[in-house]
Structures are given as C-alpha cells and as structure tokens.
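Every number for a ligand or one of its atoms is a count from 1 in the order of the listing. These numbers were taken from a predicted model, which means no experiment stands behind them. The figures that follow rest on heavy atoms only: side chains count, while hydrogens, waters and symmetry mates do not.
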Amino acid sequence: MKTDNCSNLTNPFSLSFGKEPLSLIERDYQNNEILQSFESDNPAYQVCMITGVRGSGKTVALTNIANQLRSNTNWIVIDLNPERDLLHTLTAELSNRKELLQLFRDAKINLSVLGFGLEIDGEPPVTDLIVALRRMLEKLTRSGKRVLVTVDEVSSTPGMREFASQFQIFLRENLQVFLLMTGLYENIYELQNEKTLTFLYRAPKIEMKPLSIPLIMKKYQDIFGLTTDEALSMAGATMGYPFAFQVLGYLCWVKKEKWQDLLPLYDTYLEDYVYEKIWSELSPKDQAVLTAMSSASSGKVENIRSLIGMPSNSFTTYRSRLIRKGLIISPSYGTLRFALPRFREFVRRQVFLSVE
Ligand SMILES: Nc1ncnc2c1ncn2[C@@H]1O[C@H](COP(=O)(O)OP(=O)(O)OP(=O)(O)O)[C@@H](O)[C@H]1O
Ligand SMILES: [Mg+2]
C-alpha cells in the first residue's frame, strides 16, 4: 500500500456517526428520488422516511438532502430534535429567521405573548401556538416558500405523535410543508401503526441500500493506490455497509497494513461501535434465527429452519422482520444470507461466549 507518505495527512476516513465524512460515497439515485419529489410543482408526497440498520448512513443521507434544499432560497430547512417539544421549536425557529421577519411583519403576526420576540405594535397578539404556526406557514406558502422539517432518529414518543398528527392537519390544509425523518425500522413501524397516524403508513419509506461497490473500489484505489483486484477484494470486504467502508479505510490508513491482516481489528471496531448494540436490541427469537443461520451449512431456508425446529409460518415472520431491519437478505428464492460484513463471525462469537 502506498501510504508511507500519508502519515502527516489527515485520515480521510471517519468513525464518527451522524456527520458527513470526508470520504463520501455518492448515493445520488436514492437521494434524488426524494429531492425530485419534494422539488416538483406537484409533489407526489410531502412526507418521507429513511430507514436502515445502524450505521447504514441515514443521518448522512438526511443531512445531504437537507443541505441541498438549504442552498435554494425558496426552501426553509429546520432540523428538529425529537427529544424536544417539536411544535414549539418549529415555531421558535421560524420566528427567529431574520430573512423571514419582514414577511411575518407584513402578515401582522404578533407573537409577543408567546414569548417568541416577534412584536408588532397595534396588532393583537396571537395567543395559541398552533394558530401562530399556521399563520406563519400560510404566509410562507402564499409567498412561494417551502418548509422542510427534518427529524433524525424518530420513535413513537408522545411528542413525536403529537407533532406528526399536527403535521397531518397542515398537509390537509395544503400548506407547503415537508417532513423528512429517519429511524430504525422497528421505531418507524411503531410510529406509523398509531391509529391516528395512518398517513405515515402511506408515506414512502426509503431503505438505505448498500453503497456502490465500484464507487468504493475507486475511492480505495485513489487513496491507497491499489490495483483493481486489490481494491475489489477490499471493497467486497465492506459489503457496501457505510460504517464498514469507513472502518476498513480508517484502519488501513492508520496501520499501513493490508486489510487482510487487519481483520481482528476490523471485527473489534464493528463489534464495539455497532454490532453489539444491534444484537442487544434483538428479541431472543430473532437472535435464535441469526444463530441458526450462522451455523447452517448453507443459506437454504429449510436447512436453517430445521436447525431451530421452527414451523414455516413463524419462520417467515422472523425472516421478513430481519430483512426489513437490514440484517439479512434473500439473494434468491428460499435462501438467506447476512447483509452486514463479518456479522456471521460476530454471531458465532456470541454463541460461543454464551455457552461459557
Ligand atoms: N454515503 C456515505 N459514504 C461513505 N460513508 C458513509 C456514507 N453514509 C454514511 N457513512 C458513514 O457511515 C457511518 C454511519 O453513518 P450515519 O451516522 O449516517 O448512520 P445512521 O444510519 O444514521 O446510524 P444510526 O442508526 O446509528 O444513527 C459514519 O461513519 C459515516 O461516516
Ligand atoms: Mg443516525
């Protein structure tokens, strides 16, 4: 590897979550799908959810889409924290935007009583938060502006449910508001199954697919000066899993060794940063299915099912749930394999250690 002269340079790979990395692999086709709908004159949908396993790049994709819209002056992008009071923060954020002040003054929206500092002499103050928010959104819609609200890592909390159900009302009122959320499959599933939030059920869910192997190869080749074959085997070892792409690059950069010699470290990082967490969040039955998969002699469903003696219909339930969670894939009818790199080895270790 040609990394001898790189020691003083910044490592182009990053292990931090939730932040756009220096080495970014494009996901244009997935991001554009959302952007095109949001930007169209007649949006096919105004709410969209990004799901995927931990480390699959949900936050990075959300940030990327939000930043692209932010650069367009017709868009007002507001990032909300699901742990805070979402409606309150949205109102506060809108009323604090300097570029919108005049617009709201023209609409004579006096928010002094609500404590948002938008004060207009001689106008009766708005006393209800929802009324204030609606009036601001109406004004923005009439002025040709669109508001994108992003919420990273949603789950079915009372605050999130309240926010989503109010959002549904704003949509019915034809306001130009858009909502982009990310979440683990199980959390999104729980939220959309709330009786009052059926509109989320219909909203598209974009699943984070693996990154393109040719693009990963190119990146590794450019950074480490590898041959095509070397780059292909290194990219293959990530299986397109974004966090693995960063870890393997990071380790090769720091250690200046071939990736094949770094497998124990690669396993340790994957385990410590994500796999342990993923495993701890699975039900015992999900764990049992994965355990059977890890020791089965082939990926054949029959083979795996017979190892745990599970009837066909309950196996189908676990199988589809694990697929939706992004942990396994079905490459062809009747077969299954792990979706994440070195996950089989990780599961084997869990089995072995739990027997101790
Ligand atoms: N398009 C990409 N190209 C290269 N690396 C990426 C890309 N997207 C994400 N990553 C890397 O993958 C890791 C995880 O990204 P991110 O934090 O977006 O995942 P996440 O799905 O939001 O995870 P979590 O569910 O834990 O919040 C980070 O190290 C990030 O740098
Ligand atoms: Mg995230």
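Looking only at side-chain heavy atoms (C-beta outward), V289 and D286 stay at 4.5 Å or farther from each other. At least one side-chain heavy atom of L307 sits less than 4.5 Å from a side-chain heavy atom of S295. Looking only at side-chain heavy atoms (C-beta outward), F243 and L340 stay at 4.5 Å or farther from each other. Side chains of W253 and L9 form a contact here, defined as non-hydrogen atoms less than 4.5 Å apart. For the pair L322 and M293, the minimum side-chain heavy-atom distance is 4.5 Å or more. Side-chain contact check for F346 versus L270: every heavy-atom pair is 4.5 Å or farther apart.
Taking every non-hydrogen atom of V53 and a distance limit under 4.0 Å, the qualifying atoms of ligand 1 come out as 21 (O). Residue E153 approaches ligand 1 through these ligand atoms, each under 4.0 Å from one of its heavy atoms: 27 (O). When each atom of ligand 1 is checked for a heavy atom of G18 under 4.0 Å away, the hits are 16 (P), 17 (O). Heavy-atom proximity to F245, at under 4.0 Å, picks out these atoms of ligand 1: 4 (C), 5 (N). Every atom of ligand 1 with a heavy atom of S14 under 4.0 Å away is listed here by number and element: 29 (O). When each atom of ligand 1 is checked for a heavy atom of P21 under 4.0 Å away, the hits are 5 (N), 6 (C), 31 (O). Interface of F17 with ligand 1, defined as ligand atoms under 4.0 Å from a residue heavy atom, comprises 14 (C), 17 (O), 23 (O), 26 (O).
Of all protein heavy atoms, the one lying nearest to atom 19 (O) of ligand 1 is G57 N, 3.2 Å. With hydrogens left out, the protein atom closest to atom 23 (O) of ligand 1 is G55 N, 3.0 Å, a heavy atom. Of all protein heavy atoms, the one closest to atom 5 (N) of ligand 1 is Q246 NE2, 2.8 Å. Looking from atom 10 (N) of ligand 1 to the surrounding protein, the closest heavy atom is P242 CB, 3.5 Å. The protein atom (non-hydrogen) at minimum distance from atom 22 (O) of ligand 1 is T59 OG1, 2.7 Å. In terms of protein heavy-atom proximity, atom 29 (O) of ligand 1 is closest to S16 O, 3.3 Å. From the protein, the heavy atom lying nearest to atom 18 (O) of ligand 1 is V60 N, 2.9 Å. For atom 1 (N) of ligand 1, the closest heavy atom belonging to the protein is I25 O, 2.8 Å.
A salt bridge does not link E345 with R349: every distance from a Lys NZ or Arg NE/NH1/NH2 to an Asp or Glu carboxylate oxygen is 4.0 Å or more. D261 has no carboxylate O lying under 4.0 Å from a charged side-chain N of K255, or vice versa, which leaves the two without a salt bridge. With salt bridges taken as basic N to acidic carboxylate O contacts below 4.0 Å, none links R134 and D128.
Note: an N/O pair closer than 3.5 Å links K58 and ligand 1 by distance alone.
At a cut-off of 3.5 Å, with distance as the only test, no side-chain donor of D229 or T227 sits close to an acceptor on the other residue.
Under a 4.0 angstrom heavy-atom cut-off, A61 registers as lying outside contact with ligand 1. Taking 4.0 Å as the cut-off, S56 counts as a neighbour of ligand 1 on heavy-atom distance.
Within the 2.8 Å limit, T182 places no N, O or S atom next to the Mg ion (ligand 2).
Paired with E20 under the rule side-chain hydrogen bond (donor to acceptor under 3.5 Å, both in side chains), one option of T63, N64, N67, T59 passes, and it is N64.
Criterion: ILVMFWY side-chain heavy atoms under 4.5 Å apart, direct or through other members. Under it, L100 and L87 are part of a common hydrophobic cluster.
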